[in-house]
Amino acid sequence: MSAAQMFLRGLAACGGSLALLVAGLALPAAAEPETPVVYSSGSTATRANGLGFDACSAPSLAALGAWRGTSPYGVVNIYFGGNNRGCAQPNLTPTWVRGAVAAGWKLLPTYFGYQPTCMFGNKPNRYNAGNATARGNSDGADAVAQAQALGVLSGSGLYADVENYDRTDGPCRTAVRRYVSAWTKTLHAAGYLAGVYVHQDSGLRDLSESYNWSAYARADAVWMARWDGDPSLTNWPTAPNSQWSYYQRAKQYQGDHDETHGGVTINVDSDSVRAPVATVARQYAVTSSTPLNARSGPSSSSPVVRTYAPGAALSVVCQGSGQQVGPTAVWDRLTNGAWVSDRYVSTPSGTGFSASVLPRCTYPGQVTVDLVNARTGPGASYPTTGSPLRRGALAYVMCQRAGSRVGTTAVWDKLRNGSWVSDYYVSNRSNTTWSSRVPRCP
């Protein structure tokens, strides 16, 4: 039985709901449009902020090497699965994924699965209002299996390709919303962020209209196609700036054209990306002269869960703050969920974060109310800082700490930018206590 089939069987066993058992923990019921993500122990969200390109087939690592530093791009799309994917992918292997990330590229994973019946074009595999939920579930489960096979880890953003379609067909518009909602909930239950690629005049309009509807789960990010040559991620004509407002947008601003960099020509579309992308582990070595203890949390007081010999290879997912060890308070999270002090790991920096190569450990959840004030500390008495977070914005949570009680919880979330919000307003695993996988703040 495939991973996708096993995942769908789990859904069926729960009557199609998302009350799944993941690592022994049940996902609590959550009303749409916000649904929590069930992150695995060795996970993080990874963000991109810059220009990218997408080519029908993943370029060779040699071609990426020629473009790295000579082109304006730092993000490359990969069509990693789907029954409507049109181009062969001879280069797209786990080795290619690791090599591209090691070379400094960020990956934008796109799944070209079932399309709406009213789609413009001739793609053969379609869904309608009657089977759209089932198609969204099956595509989501297959996308998770395909991503995992490539080494694209929990916390990654995966994007469903929804091509341009006829909005005069009312049942078809309903089908798109059902498909995207099912895709989103299936990915969330498996630990992934859910994105969607849409045309500005069809998918974006419909998902924007239903942004706050309780009938559908909201995607975490949108990638909009509008070939106007403008890479701006704000002031879009078919979705207000208040929607998908924080590292949740990408735009394909130029269609098929040839570009040459470093002597290599590739036919590409051009994109602007400020959104979650793929999380891929990077390999480093233990630098201590004695065995290195890996712990359950970023502190020497946390229980030891494994020991690594000097020189052993470590698969590092992300970095977080923890107890000071020698010159650094940075700790590295591994793919098995354990933490090791960065003092004893061959990352580029021995005193701080290796920001250019490793993401900060974050576990995003969508904001559940219209406006939430971010504060300078974990309590309602602390001053506000910056602009409020809008409903549906991703709160990129780094860690949690006890603070003043708000609603049903005294848990506060420290965000990627250093500000704090009450966990009561963030769609995490719980709004009454600590959320699984998120570490405590030092």
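Side-chain atoms are counted along with the backbone in the values below, which use heavy atoms only and exclude waters and symmetry mates.
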(request) Heavy atoms only: give me the nearest Arg126-Gly121 pair and the separation to one decimal. (result) NH2-O, 2.9 Å

(message) Between Asp230 (side chain only) and Ser232 (backbone N and O only), is there a donor and an acceptor less than 3.5 Å apart?
(response) yes

(message) Donor-acceptor pair, distance only, cut-off 3.5 Å: does the side chain of Arg85 make one with the backbone of Tyr79?
(response) yes

(request) Compute the ring centroids of Tyr127 and Tyr179, then answer whether they are less than 6.0 Å apart. (result) yes

(request) Answer yes or no on whether Arg437 is positioned over the face of Tyr363, meaning its NZ or CZ is under 6.0 Å from the six-membered ring centre and within 45° of the axis. (result) no

(request) Check for a donor-acceptor pair, side chain of Thr408 on one end and backbone N or O of Asn431 on the other, with a separation under 3.5 Å. (result) yes

(message) Closer than 4.0 angstrom, basic N to acidic O: yes or no for Arg218 and Glu34?
(response) yes

(message) Could you check whether Asp201 pairs with Arg205 (Lys NZ or Arg NE/NH1/NH2 to Asp/Glu carboxylate O, under 4.0 Å)?
(response) yes

(message) Exactly one of Gln252, Gln200, Lys251 should register a side chain to side chain contact (heavy atoms under 4.5 Å, CB included) with Trp227. Which one does?
(response) Gln252

(request) Drop me the distance from Phe80's CZ to Leu108's CG, to the nearest 0.5 angstrom. (result) 10.0 Å

(message) With a 6.0 Å cut-off on the ring centroids, do Trp67 and Phe53 count as close?
(response) yes

(message) Could you measure the distance from the CG atom of Leu358 to the OG1 atom of Thr44? Nearest 0.5 Å is fine.
(response) 10.0 Å

(message) Is the distance between the ring centroids of Tyr165 and Phe120 under 6.0 Å?
(response) no

(message) With a 4.5 Å cut-off on side-chain heavy atoms, are Ser321 and Phe353 touching?
(response) yes

(request) May I ask you to test the Arg391-Leu371 pair for a side-chain heavy-atom distance under 4.5 Å? (result) no

